[in-house]
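Here is the structure we will look at.
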Amino acid sequence: MALLEIRNLKKHFPVGGGFLGRGAETVKAVDGVTLSVEDGETLGLVGESGCGKSTLGRCIIRLIEPSDGQIVFDGQDVTALDADDMRVLRRRMQIIFQDPYASLNPRMRVGEIVGEGMQIHKLAKGGELRDRVMQLLARVGLREEHFDRYPHEFSGGQRQRIGVARALAVNAQFIVADEAVSALDVSIQAQILNLLQDLQEEFKLTYFFISHDLRVVEHISDRVAVMYLGKLVEIAPAEAIYANAQHPYTRALLSAAPLPDPSRKTERMVLQGDVPSPINPPSGCSFHPRCPFAEKICSEVEPALVRDGDHSVACHVFGPGATVGRAAETV
Ligand code: SF4
């Protein structure tokens, strides 16, 4: 059953412009995303920096207001909620940020940080609150004496554990992890990913896991969605993405991220240039200026995201919606 459904979600930011915004241009950070996340699932969202994935994550829990579209969480239209109802719902929809230091109040002790949400939502108080915070600290691998310390006294990995405990304290059901391990060393990354997986089973959590790193997403995801310039270009079960990616952008990302298993061969496909400006995205398929397989139609017509079973691809040349040229190649 889908816990979260995103329907044609858009976030357009006006930029520049003079008096009364005349001449302003529009950044289409998220441009018509439709996606569902099953209860208990981990959906990995990948793409290069600037592709709109963090904006999408923040829109889902309305840290950023979407420009258009609908978000339905557990049958409730999130986009229609007023600020009070949203505050109540946000207890169930939490976010873990890339930089845990910036997201932890440096003047609050760890016990206060983890317990704050429980106080606000009146989930516990007094000795019960303290006991519950202690239990959570232990569960995420921190010690009792950490309760009275300040965030600056912790390493990056420990600070991320504090962020996880804070999300669990309010009985979160759905967690957006926005580049949650990107700033950590590889060995610490693995520890935090293992912790998140253990907690998922224990607390019945659903993750929306955002990362630019396909290796990280593979480790934790049931399905992977690939985003390019505000749009989804491929969605499939994780095994299908890593064994049989169809979209040239996904294949280029895989090629750029060496996979830990040397027996798995990937084609070499070097991504040319940077992500184009989302203010004036290229016509047709916005990946066409960087795509080695581009045909004439690619610069003229935007490909739809076409589904075949549980694998969806937006491409004129590869995947179930292919209308020209070669058959889908196996990586
Ligand atoms: Fe490349 Fe064309 Fe497919 Fe876009 S639609 S990814 S340009 S082949």
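In each ligand, atom 1 is the first atom listed, and ligand 1 is the first ligand listed. Treat the numbers as computed from the prediction; the structure is a model and nothing was measured.
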**Prompt:** Which word best sums up how the rings of Tyr249 and His247 line up, parallel for under 30°, tilted for 30 to 60°, or perpendicular for over 60°?
**Reply:**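 The arrangement is perpendicular - the two ring planes meet at more than 60°.
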**Request:** Just say parallel, tilted or perpendicular for the rings of Phe208 and Phe174, cut-offs at 30° and 60°.
**Result:**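 Tilted, since the angle between the ring planes falls between 30° and 60°.
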Heavy-atom nearest neighbour in the protein, as seen from [atom], with distance rounded to 0.1 Å:
atom	result
atom 3 (Fe) of ligand 1	Cys315 SG, 2.3 Å
atom 2 (Fe) of ligand 1	Cys298 SG, 2.2 Å
atom 1 (Fe) of ligand 1	Cys291 SG, 2.3 Å
atom 8 (S) of ligand 1	Val317 CG2, 3.4 Å

**Prompt:** Under 3.5 Å, is there a donor-acceptor pair between the side chain of Asn194 and the main chain of Ala190?
**Reply:**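 Checking the backbone N and O of Ala190 against the side chain of Asn194, a donor-acceptor pair under 3.5 Å is found.
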**Prompt:** Which atoms from ligand 1 have a heavy atom of His247 less than 4.0 Å away?
**Reply:**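 Those atoms are 6 (S).
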**Item:** Cys285 N/O/S atom closer than 2.8 Å to atom 4 (Fe) of ligand 1
**Value:**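 Given the 2.8 Å cut-off, Cys285 counts as a ligand of atom 4 (Fe) of ligand 1.
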**Prompt:** Evaluating non-hydrogen atoms only, which member of Arg290, Gln246, His288, Glu234 is closest to atom 7 (S) of ligand 1?
**Reply:**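 Among Arg290, Gln246, His288, Glu234, the closest heavy atom to atom 7 (S) of ligand 1 comes from His288.
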**Asked** With a distance cut-off below 6.0 Å to the six-membered ring centre and an angular limit of 45° from the axis, does Arg139 pair with Phe203 as a cation-pi contact?
**Response**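 The answer is no, since Arg139 fails at least one limit relative to Phe203.
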**Message:** Taking the cut-offs as 6.0 angstrom to the six-membered ring centre and 45 degrees off its axis, would you call Arg130 and Phe147 a cation-pi pair?
**Reply:**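 That pair qualifies as a cation-pi contact.
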**Asked** side-chain contact (heavy atoms from CB on, under 4.5 Å) with Arg166: which of Val133, Ile113, Leu136?
**Response**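 The residue from Val133, Ile113, Leu136 that satisfies side-chain contact (heavy atoms from CB on, under 4.5 Å) with Arg166 turns out to be Ile113.
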**Request:** Measure the distances from the heavy atoms of His316 to every atom of ligand 1 and state whether one is below 4.0 angstrom.
**Result:**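 Heavy atoms of His316 do come under 4.0 Å of ligand 1.
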